[in-house]
Each structure stands twice: as structure tokens, then as C-alpha cells.
Asks: 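Pasting a structure below so you can have a look.
All values below were derived from every heavy atom in this structure, side-chain atoms included, with hydrogens, water molecules and symmetry-related copies excluded.
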Amino acid sequence: MSLPASTSAPITIQHLSSPPPPSLEATTASWTSSIAYHCKNSRLSKAISQFTAMRTSGVDPNHITFVTLFSGCAHSRSHGPLIGPSVHAYARKIGLDVSNVMVGTAIIDMYSKFGETGLARLSFDRMVLKNKITWNTIINGYMRNGKFEDAVELFDEMPERDAVSWTVLIDGFVKKGKYDLALEWFQEMLHLGTAPDFVTIVSVLSAVANLGSLSLGLWVHRFVLMRGFIKDNIRVSNSLIDMYCKCGCVELAIQVFDKMPERSLVSWNSMIVGLAYNAHVEEALSYFHSLKRDGFNPDSVSFTGALNACSHAGLVEKGLELFENMKEISKINPRIEHYGCLVDLYSRAGRLKDALKVLDEMPMKPNEVVIGSLLAACRDCKDIDLAERLTKYIYDLDPIGDFNYVLLSNIYAATGSWRGASNVRKKMKALGVQKRPGISSIEVNGVIHEFVAGDKSHSDAESICLILEHLSDEFKICGHASDDIFSEACGFY
DNA sequence: GTAGGGTTAG
């Protein structure tokens with residue numbers, strides 16, 4: 001028996017319990033179990049060769065064999081789209097794709113995951129018998145592919161809706177960044193009397209966290225406590241921790257964490273990442289070191305949080321040490337986030353050359369976040385030469401975002417190079433990059449106030465400006481070259 | 001052995 005290809009993956013019971021290889025008296029069940037084993041370990045090609053061997057040895061696959069295979073294809077980005085349709089053709093030949101609910105549903109799920117909503121819908125329409133899961137699957141397929149109208153249409157048509165149906169819609173909107181819509185649907189769900197389960201709550205909390213609305217978050221927390229049915233659910237608590245941190249309420253996050261009767265590594269990670277996010281550096285590192293006492297080993301997310309804390313505090317050496325420990329002791333392969341932290345660590349410390357070295361030597365193509373860290377440092381250090389050298393990386397990025405173009409253009413503008421700035425704008429136009437307005441928002445007494453650059457429409461704009469000016473002066477007195485950071489950050493003046 | 005879920009760098 002061979003172990004899975006990824007050596008960094010934790011070895012679980014699942015990996016070790018290979019099923020007995022099909023023997024001479026192999027049955028459909030034993031072949032299927034062997035196929036399932038390979039699918040679970042992300043070895044679709046192996047699963048398929050088993051499937052072929054099964055057929056040539058004269059054993060017929062049944063509905064479970066097909067469900068296993070379709071589910072395996074759905075989870076394989078590389079081979080799935082190539083293999084899935086031919087397995088479908090085979091199921092078609094024996095009619096299982098329309099006559100068996102589970103097989104049909106697995107096919108719908110597979111095509112949805114490939115982005116083939118048309119094929120998913122065709123399979124759905126052809127099925128003789130559908131159950132709730134079939135309906136939820138096709139609606140989920142539409143949601144994940146951004147076809148909201150089709151999803152809602154089927155949602156309205158479906159004979160019987162359960163908590164999962166609602167959650168599919170709610171979470172579908174959350175995943176596409178439509179948090180307000182998600183919450184509207186949640187409200188409707190409660191209004192019509194369907195009880196949410198813990199997955200619904202996790203999804204709703206994610207929407208709330210992204211909106212940064214503490215009052216909504218507190219409401220959901222009260223809801224959880226009142227219902228009691230999910231009060232001590234680890235995942236709900238993890239989501240509460242994340243929500244409170246994203247809303248800037250570290251104290252409440254700690255309270256939730258402390259009250260948990262049982263924690264997972266994600267609970268620890270949510271604290272570490274959340275504390276780092278809120279610049280509570282010492283505490284973030286202390287949680288990072290404490291998770292071992294709870295019997296956990298830090299994973300790649302834990303390191304991201306700890307590294308991020310170091311970069312916010314300018315702890316370059318500590319950060320580098322963590323990065324080394326991650327590779328050498330924890331045997332975790334650094335991912336792009338970790339290189340991003342490293343670049344950020346050097347960038348914020350003003351060590352641009354070191355940052356550039358990381359960028360050039362990292363084993364994967366840098367993305368816009370990594371470039372953005374360095375570019376922001378170029379702006380702060382007024383290093384236009386380095387910024388120009390980054391241009392090639394920026395133009396090479398996909399997908400095209402506006403962030404770095406705007407940053408680059410601002411660097412040119414800040415150094416008085418209007419021609420450079422205008423060239424960037426031209427390039428943006430040529431590439432079809434649109435600058436989206438940056439919006440800052442703050443919640444005061446449950447009301448969310450939004451501001452865009454140059455925005456003076458707020459009823460208290462005048463006093464807000466006065467306070468900002470005052471803060472800016474205070475900053476200068478304290479020795480921080482403010483560089484009009486307030487005008488940039490808050491969009492006034 | 002078919003459906004929905006949490007933490008990740010600018």
C-alpha cells in the first residue's frame with residue numbers, strides 16, 4: 001500500500017486503512033470500495049483504472065459505484081472534467097443516470113462543480129424521480145455559478161424546502177460577496193418559520209463578519225444563546241470568534257473562546273489570525289505558543305497569523321525564525337500566503353531589497369497581494385525605481401484587479417511624475433481595468449455610515465473633518481510624518 | 001453511498 005502523494009498531509013486513519021484489493025471472487029462491493037478509497041485520496045486516475053479492471057473482469061458496477069465515481073470526478077479539478085462525461089456516458093447506457101436518484105444527483109453536482117450549469121440542468125430535467133437533495137443540489141449549482149435568478153426560480157418551484165435549501169441560497173450569496181442579500185434571505189427564512197441549523201448560522205455569521213456589523217453580530221449571538229440548540233457547537237463558536245475579531249471586538253472574541261467547553265485547531269487559529277488582524281501582536285503570538293498545550297500542532301493557517309502579527313509589529317527576526325521553524329520543524333511547505341507575509345515583513349520594515357529578493361526567489365508566481373505589499377512600501381519609501389521594476393509583475397497578473405494600478409499611479413503622482421501616472425491610467429484603460437471606488441464604513445449605534453473619497457455628503461461632515469484635522473496634528477506632534485494619511489484613509493478634504 | 005459550513009498575507 002502506498003501513502004498519498006502529499007507528504008505534508010496529516011496521516012489519518014483513512015489513509016492507512018486501504019481496503020483489501022479485489023480478489024478472484026471480487027464482488028461489485030469490493031471493487032467499489034477500492035474505487036472509493038482512491039477517490040477519497042484524490043487519485044482519480046487510479047480509481048478509473050480500477051473501474052476499467054472491474055468491467056473487464058466481468059463484474060458489473062451498480063448505483064453505488066457510479067455515485068462514488070461521480071463524486072470523485074466532481075472533486076478533481078484536473079481530471080474530473082475529462083473523465084466525468086465518459087463515466088456519465090456509461091451510466092447513460094445502462095439508464096442509471098435517470099432511473100436512480102442518487103446517481104442523477106451526483107451527476108448534477110459534478111457538472112455544477114465543473115461550471116456546466118446547462119448540463120446539470122439537462123440531467124435534472126431528465127430524471128424520473130427527484131428528492132429534496134436533488135433540488136438542493138441543482139440550486140446550489142446555480143448559486144455557485146452566480147446564476148441567482150435560476151436558483152431562486154427553482155427554489156420557489158421546489159415542492160418542499162428544508163433548512164439546507166435556505167442555507168444553499170444564503171451561503172451562495174455570501175460566497176459571492178452579496179452579504180446584504182444573504183441576510184435578507186435569512187430574515188425571510190425566519191419569517192416563514194424554517195428553523196436554521198448550525199450551518200445556516202455559520203454562514204450568516206460569515207456575512208455579518210464581512211459587513212463588520214457588530215450590532216448584527218450581537219443579535220445573531222443572542223439568537224444562538226436563546227435557541228441553545230447550537231450553543232456549544234465548535235464551528236458556531238469559531239465563527240463567532242471570527243465575527244467578533246472582524247468587527248474589532250477582540251474582548252468578546254476572547255470571551256467566546258474562553259467559554260468553549262471544547263476547542264479545535266480552527267478555534268485557536270481564529271484567535272491568532274483575529275488578534276493579529278487587530279494588531280494585538282503579543283497576544284496573537286502568545287495564543288500561537290499556547291495551542292500546543294491544548295494538544296495541537298500549528299498548521300499553515302496558524303503560521304500565517306503569527307507571521308502576520310510579526311510583520312505588523314516590525315518583528316523581522318522573529319518572523320524569519322517562525323518561517324524557518326515552519327519549514328524545518330513543522331515540515332509545512334510554505335504557500336503563497338506565507339511568502340506574502342515574508343514580503344510584507346521586509347516591506348513594512350523598509351527592507352525593500354530583501355523583500356524583492358523573496359519575490360524573485362519564491363517558487364510560485366506572485367499574486368497581487370504580494371506585489372501590493374511591496375508596492376505600498378515603495379510608496380512609503382518613495383522608491384519609484386523599484387516600483388517601476390514591479391510593473392512587469394503587475395501587468396502579468398491575472399485576474400486583473402484595480403488595486404495595484406491605482407497604487408502605482410499614486411506613487412508616480414506623489415513624486416510629481418504626472419506622465420508616469422497618466423501612462424498607468426492609459427494602460428488600465430487599454431486592459432479594461434476599472435477603478436472601483438474605495439469605501440470606508442463605520443458602524444455607530446447600529447447605523448452603518450459609508451464614505452468614499454471626496455465625500456462630504458454626511459450630515460456631520462464638518463465636525464468629522466475638524467476631528468480628523470485635529471488627529472492629524474496630534475500625529476505630527478507625536479513625531480509621525482502624517483503625509484495626509486487621514487485624507488487618504490478617510491476620503492475627506 | 002447523492003446536498004449546505006468555519007480560520008489564510010496588501
Asks: Scan A:S264 against the nucleic acid and name what it touches under 4.0 Å (heavy atoms): base, sugar-phosphate only, or nothing.
Replies: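 A:S264: base contact, heavy atoms under 4.0 Å.
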
Asks: Can you list, in residue-number order, the parts of residues 339-352 of chain A that come under 4.0 Å of DNA chain B, counting heavy atoms only?
Replies: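 Hits under 4.0 Å, by residue number: A:G340, A:C341, A:D344, A:R348.
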
Asks: Tell me: CG of A:N308 to P of B:dT7, nearest whole Å?
Replies: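 About 15 Å, once rounded to whole Å.
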
Asks: Rounded off to whole Å, could you give me the NE2-to-P distance for the A:H338 and B:dT7 pair?
Replies: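 Rounded to whole Å, this separation is 16 Å.
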
Asks: Can you check whether A:R144 has a side-chain N or O nearer than 4.0 Å to OP1 or OP2 of B:dA3?
Replies: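 Checking B:dA3 against A:R144, no side-chain N or O comes under 4.0 Å of OP1 or OP2.
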
Asks: Can you figure out which of B:dG4, B:dT2, B:dT8 approaches the side chain of A:E337 most closely?
Replies: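 When the side chain of A:E337 is considered, B:dT8 is the closest of B:dG4, B:dT2, B:dT8.
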
Asks: Could you pull out all donor-acceptor pairs under 3.5 Å where a side-chain atom in residues 243-252 of chain A meets a protein atom, sequence neighbours excluded?
Replies:
| from | atom 1 | to | atom 2 | distance (Å) |
| --- | --- | --- | --- | --- |
| A:Y244 | OH | A:H221 | ND1 | 2.7 |
| A:K246 | NZ | A:D242 | OD1 | 3.0 |
| A:K246 | NZ | A:D242 | OD2 | 3.3 |

Asks: Check the distance between B:dG4's C1' and A:I139's CD1 and give it to me in whole angstrom.
Replies: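 The answer, rounded to whole Å, is 11 Å.
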
Asks: Across the strands shown, which category fits A:V199 at heavy-atom distances under 4.0 angstrom: base, sugar-phosphate, nothing?
Replies: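 It contacts base atoms.
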
Asks: Are A:W268 and A:F288 near enough that their ring centres are under 6.0 Å apart?
Replies: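 That pair fails the under 6.0 Å test.
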
Asks: Side chain of A:K113: nearest nucleotide among B:dG1, B:dT7, B:dG4?
Replies: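 Comparing B:dG1, B:dT7, B:dG4 against the side chain of A:K113, the answer is B:dG4.
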
Asks: Do the ring centers of A:F323 and A:F303 come within less than 6.0 Å of each other?
Replies: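 No.
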
Asks: Counting just side-chain N and O atoms, does A:K132 come under 4.0 Å of either OP1 or OP2 of B:dG4?
Replies: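 Result: no.
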
Asks: Do A:H338 and A:T304 have side-chain atoms, one donor and one acceptor, less than 3.5 Å apart?
Replies: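 A donor-acceptor contact under 3.5 Å links the two side chains.
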
Asks: Can you list every pair that meets salt bridge (Lys or Arg N to Asp or Glu O under 4.0 Å) and has a residue in residues 335-347 of chain A, with sequence neighbours left out?
Replies: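 Checked against salt bridge (Lys or Arg N to Asp or Glu O under 4.0 Å) - neighbours excluded - the pairs reaching residues 335-347 of chain A are A:R335-A:E337, A:D344-A:R348.
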
Asks: Using a cut-off of 4.0 Å on non-hydrogen atoms, how would the nucleic acid contact of A:V67 be classed: base, sugar-phosphate, or nothing?
Replies: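 If one applies the 4.0 Å heavy-atom cut-off, A:V67 turns out to touch the sugar-phosphate alone, with no base involved.
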
Asks: Identify whether any heavy atom of A:D162 sits under 4.0 Å from a base atom; if not, whether one sits that close to sugar-phosphate; answer base, sugar-phosphate or nothing.
Replies: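 The residue A:D162 makes base contact.
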
Asks: Report the nucleotide, chosen from B:dG1, B:dA3, B:dT8, that has the shortest atom-to-atom distance to any side-chain atom of A:N136.
Replies: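 So the nucleotide nearest the side chain must be B:dA3.
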
Asks: Has A:K246 got a side-chain N or O lying under 4.0 Å from the OP1 or OP2 atom of B:dT8?
Replies: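 Looking at the OP1 and OP2 atoms of B:dT8, one of them is under 4.0 Å from a side-chain N or O of A:K246.
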
Asks: Start with the C-alpha distance between A:D150 and A:K147, add both sets of side-chain angles, then the distance that settles salt bridge (Lys or Arg N to Asp or Glu O under 4.0 Å), and finish with yes or no.
Replies: CA-CA 6 Å; A:D150 293 308; A:K147 309 214 162 175; 5.4 Å; no

Asks: Look at all strands and tell whether A:V370 reaches a base, only sugar-phosphate, or nothing, counting heavy atoms closer than 4.0 Å.
Replies: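 Contact class for A:V370: base.
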
Asks: Looking at the side chain of A:I64, which of B:dA9, B:dG1, B:dA3 is the nearest nucleotide?
Replies: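 In terms of side-chain proximity for A:I64, the closest of B:dA9, B:dG1, B:dA3 is B:dG1.
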
Asks: Please give, in whole Å, the distance from B:dG10 P to A:N367 CG?
Replies: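 Atom CG in A:N367 sits about 12 Å away from atom P in B:dG10.
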
Asks: How close or far is atom P of B:dT8 from atom CG of A:N333, stated in whole angstroms?
Replies: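 It is 21 Å, rounded to the nearest whole Å.
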
Asks: Separation of A:D197 atom CG from B:dG4 atom P, in whole Å?
Replies: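 In whole Å, B:dG4 P and A:D197 CG are 13 Å from each other.
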
Asks: Considering every strand and a 4.0 Å limit on heavy-atom distances, what is the contact class for A:S373: base, sugar-phosphate, or nothing?
Replies: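 Sugar-phosphate contact only.
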
Asks: Indicate, with a heavy-atom threshold strictly under 4.0 Å, whether A:D299 touches base, sugar-phosphate, or nothing.
Replies: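 If one applies the 4.0 Å heavy-atom cut-off, A:D299 turns out to touch nothing in the nucleic acid.
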
Asks: Has A:K40 got a side-chain N or O lying under 4.0 Å from the OP1 or OP2 atom of B:dG1?
Replies: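 Checking A:K40 against B:dG1: at least one side-chain N or O falls below 4.0 Å of OP1 or OP2.
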
Asks: Indicate whether OP1 or OP2 belonging to B:dG10 is found under 4.0 Å from a side-chain N or O atom of A:H312.
Replies: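 Checking B:dG10 against A:H312, a side-chain N or O does come within under 4.0 Å of OP1 or OP2.
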
Asks: Quick one: side chains of residues 104-111 of chain A, donor-acceptor pairs under 3.5 Å with protein atoms, not counting sequence neighbours, listed by atom name and distance.
Replies:
| from | atom 1 | to | atom 2 | distance (Å) |
| --- | --- | --- | --- | --- |
| A:T105 | OG1 | A:V101 | O | 2.7 |
| A:T105 | OG1 | A:T134 | OG1 | 3.0 |
| A:D109 | OD1 | A:K113 | NZ | 3.3 |
| A:D109 | OD2 | A:K113 | NZ | 2.8 |
| A:Y111 | OH | A:H88 | ND1 | 2.8 |

Asks: Hey, would you say the A:W135 and A:F155 ring centroids sit under 6.0 Å apart?
Replies: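 No, the ring of A:W135 stays outside the 6.0 Å limit from the ring of A:F155, centre to centre.
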
Asks: More than 12 heavy atoms of other residues, nucleotides or ligands under 6.0 Å from CZ of A:R389: yes or no?
Replies: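 Atom CZ in A:R389 is not crowded, with 12 or fewer foreign heavy atoms closer than 6.0 Å.
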
Asks: Please classify the nucleic acid contact of A:L307 as base, sugar-phosphate, or nothing, using heavy-atom distances under 4.0 Å.
Replies: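 The answer is nothing, as A:L307 stays clear of every strand by at least 4.0 Å.
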
Asks: By the 4.0 Å heavy-atom rule, please label A:S203 as base, sugar-phosphate, or nothing.
Replies: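 Counting heavy atoms under 4.0 Å across all strands, no contact is made by A:S203.
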
Asks: I need the residues from residues 266-278 of chain A with at least one non-hydrogen atom less than 4.0 Å from DNA chain B; give them sorted by number, or say none.
Replies: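 Of all residues in residues 266-278 of chain A, the ones placing a heavy atom under 4.0 Å from DNA chain B are A:V266, A:N269, A:S270, A:V273.
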
Asks: So what does A:K175 hit on the nucleic acid, given a heavy-atom distance under 4.0 Å: a base, only sugar-phosphate, or nothing?
Replies: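 Sugar-phosphate contact only - A:K175 comes under 4.0 Å of backbone atoms but never of a base.
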
Asks: Salt bridge (Lys or Arg N to Asp or Glu O under 4.0 Å): which pairs involve residues 270-287 of chain A, sequence neighbours left out?
Replies: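 Qualifying pairs, neighbours excluded: none.
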
Asks: Using atom CZ of A:F288 as one end and atom P of B:dT7 as the other, report the distance to the nearest whole Å.
Replies: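 Distance check: A:F288 CZ to B:dT7 P gives 19 Å.
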
Asks: In whole angstrom, give the distance that lies between atom CG of A:L129 and atom C1' of B:dT2.
Replies: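 One finds 14 Å between C1' of B:dT2 and CG of A:L129, rounded.
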
Asks: Any donor-acceptor pair under 3.5 Å linking the side-chain atoms of A:S373 with those of A:S347?
Replies: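 Side-chain D/A pair, A:S347 to A:S373: absent.
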
Asks: As an exercise, state the distance from CG of A:L218 to CZ of A:F223, rounded to the nearest 0.5 Å.
Replies: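 Nearest 0.5 Å value for the CG-CZ distance: 15.0 Å.
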
Asks: Checking contacts here: which listed nucleotide (B:dT2, B:dG5, B:dA9) is nearest the side-chain heavy atoms of A:V369?
Replies: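 So the side chain of A:V369 is nearest to B:dA9.
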
